[in-house]
Visitor: 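Below: one structure in structure tokens.
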Amino acid sequence: MPARNPECGARGASGSSGSSVLRFSPAVSSRSTHRRRHRSALLPSVLTFAVIVASGGLLLLIEKGLLNGMHTPSPLANGRKPEYRLAPRDPAVDVESQILQDIRNRTIRAMCGHDNTAHSVWSLSSAQRKTLLQHILVNEKHRFLYCYVPKVACSNWKRVLKVLSGALTDVHVQVKMDHHADLLFLSDFSPEEIRYRLSHYFKFMFVREPMARLLSAYRNKFGEIKAYQHKYGTEIIRRYRKGYAKNNLKVAGDDVTFAEFVRYLLDEDPERMNEHWMPIYNLCQPCAVQYNFIGSYERLESDAAYVLEHIGAPQHVQFPERQAWYKPVTKETLHYYLCTVPQKLLRELLPKYILDFSLFGYPLPNITTEYCRH
């Protein structure tokens with residue numbers, strides 16, 4: 001079957017995994033190169049504690065239904081409520097990681113338990129289902145499904161998938177990544193085949209702090225990719241920069257400000273956005289698909305090692321290290337960019353990504369004037 005559609009994806013699980021169990025944190029991998037060392041501290045840092053408190057506060061809002069009035073892209077449907085349980089605790093998993101996985105488990109259980117949330121792929125609208133199936137990659141040999149999310153290490157996961165399928169000899173081979181060739185998407189299958197794979201294959205995805213993901217997309221697409229500068233940058237400048245009429249001055253599109261990008265996002269329908277800034281919820285539909293594992297970009301090394309071990313990948317297949325040219329989004333960088341955007345715009349933007357914050361346990365960013373003074 002020819003592969004078609006968007007970038008990044010894979011699936012994996014040795015044997016079959018038809019259970020509705022959703023795991024949120026791996027036991028420490030047995031791979032020696034990825035085994036994490038025990039932390040000496042028994043309690044989380046003050047910063048982590050603040051994150052936990054913020055996440056817990058958001059969770060209480062969810063559980064009390066106080067976010068129900070927010071306009072989110074939750075699909076309407078009637079379906080059964082998925083069952084979740086925590087992954088087994090392991091002594092090697094530090095306290096901080098365990099607390100975060102508990103929060104993620106509770107938030108997903110609370111949000112996906114709502115009656116107006118789709119609990120099946122077939123309860124989604126045709127447009128929602130198309131987006132989802134085009135973002136789930138399939139590996140038949142290792143029997144797994146991977147929902148790729150752009151700007152969450154999906155290019156490296158594609159490399160891993162191509163090595164597992166034999167299309168690449170090694171994850172470090174220096175070749176231009178083709179995001180379509182030699183990849184098999186769930187949308188390539190018939191409805192019956194899709195149902196079988198959703199029920200019997202190991203399903204996983206990776207998430208990232210929503211604002212950091214947006215900033216990563218902004219810096220990459222508008223700072224480095226000419227095609228995006230021409231297609232999106234020119235239009236954004238004409239629409240949101242004072243003094244630029246629609247068909248007036250010649251615009252290169254390579255100097256879009258982050259504030260202009262935010263204004264553009266405010267006018268976009270989340271379900272019709274480019275995949276690089278479409279909410280993770282809309283891409284992977286975690287209430288409609290019962291993922292066995294949800295890893296995070298912030299714990300990429302250990303989470304990726306767990307997935308590779310679980311799917312039974314050969315020992316020589318390791319998750320690639322970040323390229324030397326990669327520009328990480330640090331806390332300081334994110335702080336700087338968020339503080340260049342008027343608070344009013346950020347407050348209007350957050351509801352579009354509220355499900356990404358709430359479902360995956362990320363605290364809402366501090367955008368107060370006092371915070372931005374420092």
Side-chain angles (χ1 to χ4, degrees), residues 1-14 26 29-36 134-188 197 201-208 213 216-217 219-221 223-228 274-276 283-284 293 295-329:
M1 299 173 189
R4 53 187 169 84
N5 307 325
E7 15 172 345
C8 302
R11 176 230 64 146
S14 54
S29 171
S30 62
R31 293 169 178 246
S32 58
T33 56
H34 290 83
R35 183 176 292 277
R36 300 185 62 186
Q134 289 179 345
H135 282 82
I136 294 182
L137 286 158
V138 184
N139 182 280
E140 292 292 280
K141 180 178 180 180
H142 296 279
R143 296 172 63 85
F144 70 80
L145 306 178
Y146 160 59
C147 185
Y148 80 85
V149 178
K151 310 314 297 179
V152 189
C154 96
S155 292
N156 277 343
W157 273 115
K158 285 179 181 177
R159 285 182 173 272
V160 170
L161 289 172
K162 292 190 177 190
V163 171
L164 291 175
S165 68
L168 285 181
T169 57
D170 186 84
V171 294
H172 302 294
V173 173
Q174 297 299 313
V175 294
K176 181 177 175 59
M177 173 57 65
D178 187 320
H179 294 286
H180 305 279
D182 302 312
L183 293 171
L184 188 60
F185 296 84
L186 196 55
S187 56
D188 295 319
R197 283 156 181 77
Y201 286 16
F202 178 74
K203 301 171 289 294
F204 73 95
M205 59 180 287
F206 274 73
V207 299
R208 184 179 186 179
R213 176 174 171 253
S216 178
R219 295 171 74 191
N220 173 237
K221 300 308 174 185
E224 303 171 8
I225 312 298
K226 293 291 184 183
Y228 276 77
N274 177 280
E275 62 176 2
H276 290 86
L283 291 171
C284 294
F293 179 75
S296 69
Y297 186 83
E298 293 77 16
R299 296 176 180 272
L300 181 60
E301 182 178 350
S302 60
D303 285 358
Y306 167 80
V307 170
L308 290 175
E309 181 179 18
H310 187 85
I311 66 175
Q315 287 294 319
H316 72 274
V317 179
Q318 302 290 344
F319 195 78
E321 295 181 358
R322 292 189 177 100
Q323 301 295 324
W325 46 261
Y326 175 74
K327 298 177 182 177
V329 175

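Computed from a predicted model, the values in this text were never measured in an experiment. All residue numbers in this chain count up from 1 along the given sequence.
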Visitor: Roughly how far, to the nearest 0.5 Å, is CG of Leu300 from CZ of Phe206?
Guide: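 If I round to the nearest 0.5 Å, the distance is 6.0 Å.
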Visitor: Of the non-hydrogen atoms in Asn156 and Glu321, which two are nearest, and what is the gap between them?
Guide: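 Closest heavy-atom pair between Asn156 and Glu321: ND2-O, 4.2 Å.
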Visitor: Are any of the side-chain heavy atoms of Pro314 and Val163 separated by less than 4.5 Å?
Guide: no
Visitor: Taking side-chain contact (heavy atoms from CB on, under 4.5 Å) as the test, write out the residues that go with Asp170, two or more places apart.
Guide: His172, Val173
Visitor: Any side-chain heavy-atom pair from Asn220 and Ile225 closer than 4.5 angstrom?
Guide: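 Contact flag for Asn220/Ile225 side chains = yes.
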Visitor: Roughly how far, to the nearest 0.5 Å, is the NE2 atom of His135 from the SG atom of Cys284?
Guide: 7.5 Å
Visitor: For Tyr228 and His276, what are the C-alpha separation, side-chain angles and deciding distance, and is it a ring pair (Phe, Tyr, Trp, His ring centres under 6.0 Å)?
Guide: CA-CA 11 Å; Tyr228 276 77; His276 290 86; 5.6 Å; yes
Visitor: Going from CD on Glu140 to CG on Leu184, what distance comes out if it is rounded to the nearest 0.5 angstrom?
Guide: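 Glu140 atom CD to Leu184 atom CG measures 6.0 Å (nearest 0.5 Å).
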Visitor: Where the side chain of Lys162 meets the backbone of Ala181, is there a donor-acceptor pair that is under 3.5 Å apart?
Guide: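 Flag set: sc Lys162 to bb Ala181 pair under 3.5 Å.
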Visitor: Report yes if the side chains of Lys221 and Asn274 come closer than 4.5 Å at any heavy-atom pair, otherwise no.
Guide: no
Visitor: Do Phe293 and His310 have side chains that get closer than 4.5 Å, going by heavy atoms?
Guide: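 They are not in contact (no side-chain heavy atoms under 4.5 Å apart), so the answer is no.
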Visitor: Quick one: pull up CG in Leu283 and SG in Cys147 and give me the separation to the nearest 0.5 Å.
Guide: 6.5 Å
Visitor: Taking the side chain as everything from C-beta on, heavy atoms only, tell me whether Asp188 gets closer than 4.5 Å to Val138.
Guide: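 Of all side-chain heavy-atom pairs linking Val138 with Asp188, none is under 4.5 Å.
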Visitor: May I ask you to test the Val149-Tyr297 pair for a side-chain heavy-atom distance under 4.5 Å?
Guide: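 Val149 vs Tyr297: side chains apart.
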Visitor: Below 4.5 Å, heavy atoms only, C-beta onward: do Phe319 and Val160 meet side chain to side chain?
Guide: yes
Visitor: For Val329, what residues pass the side-chain contact (heavy atoms from CB on, under 4.5 Å) criterion, not counting sequence neighbours?
Guide: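 Only Arg208, Ala212, Leu215, Ser216, Arg219, Leu334 meet the side-chain contact (heavy atoms from CB on, under 4.5 Å) criterion with Val329.
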Visitor: Is a side-chain donor or acceptor of Lys203 paired with a backbone partner of Tyr201 at a separation under 3.5 angstrom?
Guide: yes
Visitor: Taking the side chain as everything from C-beta on, heavy atoms only, tell me whether Trp157 gets closer than 4.5 Å to Val152.
Guide: no
Visitor: Hey, could you give me the CZ/CD distance between Arg299 and Glu301, rounded to the nearest 0.5 Å?
Guide: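 Rounded to the nearest 0.5 Å, the CZ-CD separation comes to 12.0 Å.
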